[in-house]
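Below: one structure, written as structure tokens.
Heavy atoms only: backbone and side chains are in, while hydrogens, waters and symmetry mates are out. Just so we're clear, the structure is a prediction, and the values are computed from it rather than from any experiment.
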Amino acid sequence: MPGMVLFGRRWSLASDDLVFPGSFELFLRVLLWIASLTLYLVHRRKLDCPGGVLLSTYLIVLLVLLAVIICTVLAMVCVSMRGTICNPGPRKSMAKLLYVRLALFLPEMVWASLGAIWVAKGIQCDKTVLIGIITTVIVSWIVMATTMVTIVFVFDPLGGKMTPHPPGCPEHLDSNNSSQLLTGLKTAAKSVWETRVMFCCCCVGQDDNARVAFSSAADLFSTYFSDTDLVPSDIAAGFTLLHQQQDNINNSLEPREVITHFPGQSQEADLDAEVENCHHFMPFAAAAYGWPLYIYRNPFTGLCRIGGDCCRSRETEYDAVEGDQHNCHFASILKTTGLQYRDFIHISFHDKVYELPFIVVLDHRKEAVVVAVRGTMSLQDVLTDLSAESENLELDIELQDCVAHKGIAQAARYVYRRLVNDGILSQAFSIAPEYRLVLVGHSLGAGAAALLAIMLRRAYPQVRAYAFSPPRGLLSKSLYEYSKDFIVSLILGMDVIPRLSVTNMEDLKRRILRVIANCNKPKYKILLHGCWYGLFGGSPDNSPTELDEGNQGALTQPLLGEQSLLTRCSPGYSSSDSPLDSPTKYPPLYPPGRIIHLEEESGSGRFGCCSAARYRARWAHEAEFGKILIGPKMLTDHLPNILNQALDRVVADNTACVSCPGQGGSQAAVA
């Protein structure tokens, strides 16, 4: 950090990023040099054959060229180890070394080509010599091809719009010119990100919804990365430092009491009842994922269990199934829920941007019409997730700010139209008019189910929703308070999605800037220790990661990137001017309903792969999820099968505790 400037443009590569790739190339080059020297010394007497002079010359020049390359790469590695992330001064010679290294590719390429041509001429020499020379040629081309691929990856399409970093603000650049230049840079950044998103999602299609989603995702990415000059390795180092800082803070805190105060009997009973309801309805949310999740949860037997129903000719009982051409989804849903085909009113696996799959089923045990909305499982769903602007909801309720996540709101409207306009709910309640309506979902589906419950509450006053691992950035404050009466959210451990919102991502960026700006270790040491700590545990790094009071002001300005420099030079610049802090486009949003948090009480391995973990359930406040936590379980705790296992454990422990003398039915604390 910042990205290096080479050939008059900025690259997504910092001067301290060459330790690991340089060491790997150095290892290969030294091996190649030793092998070539051994080949020449051992077999030089066998080069007296016709054309042997050419091969001998090739090996001698190759040895000299490899020696020069090895010395250059060694110097690059040593220089790249110097300084810290925010102190690139000791690495100022890196640009010159890179120019030398790139220049050496030309003679290496020429010499590898000549070696290939000479060998191809059919020179009649010892076969061992020929095989050795062919090997050196192949290795040389592999290294050069790898370097070319790396250059493509670190190429920054916006790098050409950067100018050399001036020592201060240009006096001749007035505010109007500065604003125009910034606007041009932001437009170019959005265009680049839109091209990237469209390339990654090329199979999604080009309908109106997809184009809107492409634009929304590009706007989000370009805005988020517009005011920093971080390269990917800086972000990785920031994550490792935050993880260790977080563990240091947790280790220094006094152990928290399991019960902060004795909850009332009604609250305790309510918690136990809602946990049991979550345990009952979680299989419906998991079933909405269809056969992929079922196979993932049953890798050895899943295919055999549903294979008999897959590819079977469609019969009358499958008339309610939409978008399941081979019947595999329906087969997995039957296995997951344990219900009969006649209990299903409608199953839709139609999947497009802003249009989510869902199932409607009669649950006779709870006397409920259950609507389960699928979570993220396709590129279309990812684009729905990334449409993170806020959008007004037209609701027949007296609230001031009825805004929600745009992409999820659009998806909820689609399901609402299908349920109401297509008569699916009417059909379900015509069969079971005394049943109540329950909406469930996991992840993206949890957010859609929560919004759907808000939209349907006027028509179905007894509606309930259970949102499993919902995204945080979903509802405005007023809608969040309104939803507490009929929505329950369930969150497991360190799950990142219930902590994920545009506001929290902006906070995470500031925390990353803070820790890397004050860390006094080189990046390669940070990454090495972080990998070891993440995989095997141990003691977290005690290097300072918080700025002294006198240096806190340095973090109120963006870092060293050219676009940030122009923003800093703008007379109207303020530390709170981040576009993601815009109260109109990206206002603070909150998770739905009351929140049950499943906290881990005993260890289960660093990645949650052990089933021996024990959890306790407690009511939690949304503020507890106002910061993204970094840890090895931040992703695994979001998986529906892991959440289901935790629920099984909590319900089993609660059931066992009922008969324990002197204990209530729950160990949960009330926040």
Practice task
Measure up the F284 and F281 rings against each other and bin them: parallel (under 30°), tilted (30 to 60°), perpendicular (over 60°).
Solution key: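 The arrangement is tilted - the two ring planes meet at 30° to 60°.
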Quick one, [X] and [Y] - any side-chain contact, counting heavy atoms below 4.5 Å?
X	Y	answer
S12	D156	yes
E394	C402	no
T636	M494	no
L383	V204	yes
V496	L629	no
I628	L242	no
I359	V373	no
Y296	L639	yes

[X] atom [atom1], neighbour heavy-atom count above 12 within 6.0 Å:
X	atom1	answer
Y99	OH	yes
F24	CZ	no
F105	CZ	yes

Between [X] and [Y], what is the shortest heavy-atom contact and its length?
X	Y	result
L439	A449	CB-O, 4.0 Å
A112	V137	O-CG1, 3.7 Å
A646	L492	CB-CD1, 3.7 Å
L589	A404	CD1-C, 4.3 Å
S443	H638	OG-NE2, 2.9 Å
L356	A448	CD1-CB, 3.9 Å

Handout entry: Carboxylate-amine/guanidinium contact E391 R413, below 4.0 Å
Key =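 Salt bridge present between E391 and R413.
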Problem - Identified side-chain contact (heavy atoms from CB on, under 4.5 Å) partner of L475 from the options P470, P591, S483 - result: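 When side-chain contact (heavy atoms from CB on, under 4.5 Å) is applied between L475 and each of P470, P591, S483, only S483 qualifies.
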Handout entry: Candidate list L528, V19, V231, T240, test side-chain contact (heavy atoms from CB on, under 4.5 Å), partner K523, passing option
Key =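 That would be V231.
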Could you give the distance from [atom1] ([X]) to [atom2] ([Y]), rounded to the nearest 0.5 Å?
X	Y	atom1	atom2	result
I497	D385	CD1	CG	7.5 Å
T195	F214	OG1	CZ	11.0 Å
D234	I512	CG	CD1	9.5 Å
L452	Y416	CG	OH	9.0 Å
I347	I424	CD1	CD1	11.0 Å
L230	I516	CG	CD1	5.0 Å

Quick one: does [X]'s side chain have a donor or acceptor within less than 3.5 Å of a partner on [Y]'s backbone?
X	Y	result
R374	F349	no
K633	G493	no
D381	S378	yes
N392	V403	no
T376	V382	no
R499	D495	yes
W291	A331	no
S215	R211	no
R101	M76	no
H442	A288	no

Checking side-chain polar atoms at under 3.5 Å, does [X] have a donor or acceptor matched by the opposite partner on [Y]?
X	Y	result
H405	S390	no
Y289	S332	no
E389	S216	yes
S233	D17	yes

Handout entry: R511 vs E506, salt bridge (charged side-chain N to carboxylate O under 4.0 Å, His left out): CA-CA, chis, key distance, verdict
Key = CA-CA 9 Å; R511 289 160 57 202; E506 183 69 10; over 6 Å; no
Exercise for the section: Could you give me the CA-CA distance, side-chain angles and deciding distance for S501 and Y590, then say whether side-chain hydrogen bond (donor to acceptor under 3.5 Å, both in side chains) is met? Expected result: CA-CA 8 Å; S501 67; Y590 302 86; over 6 Å; no
Practice task
Tell me, with the steps shown, if R510 and D507 meet salt bridge (charged side-chain N to carboxylate O under 4.0 Å, His left out).
Solution key: CA-CA 5 Å; R510 293 191 180 114; D507 170 73; 5.8 Å; no
Exercise for the section: Could you please spell out the steps behind the side-chain contact (heavy atoms from CB on, under 4.5 Å) verdict for S387 and Y354? Expected result: CA-CA 9 Å; S387 299; Y354 303 148; 2.8 Å; yes
Exercise for the section: Measure from NZ or CZ of K335 to the centre of the six-membered ring of Y294, then state whether that distance is under 6.0 Å and the direction lies within 45° of the axis. Expected result: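 No; the conditions do not both hold, so K335 does not lie above the ring face of Y294.
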Exercise for the section: Carefully, step by step, assess I487 and Y466 under the rule side-chain contact (heavy atoms from CB on, under 4.5 Å). Expected result: CA-CA 6 Å; I487 298 177; Y466 292 92; over 6 Å; no
Exercise for the section: Mind running side-chain contact (heavy atoms from CB on, under 4.5 Å) on I630 and M634 for me, showing each step along the way? Expected result: CA-CA 6 Å; I630 308 300; M634 61 186 295; 4.2 Å; yes
Exercise for the section: Go through the steps to decide whether R418 and E355 satisfy the test salt bridge (charged side-chain N to carboxylate O under 4.0 Å, His left out), and finish with yes or no. Expected result: CA-CA 10 Å; R418 295 295 311 276; E355 298 177 5; over 6 Å; no
Practice task
Carefully, step by step, assess L104 and E108 under the rule side-chain contact (heavy atoms from CB on, under 4.5 Å).
Solution key: CA-CA 6 Å; L104 288 173; E108 184 182 15; 5.9 Å; no
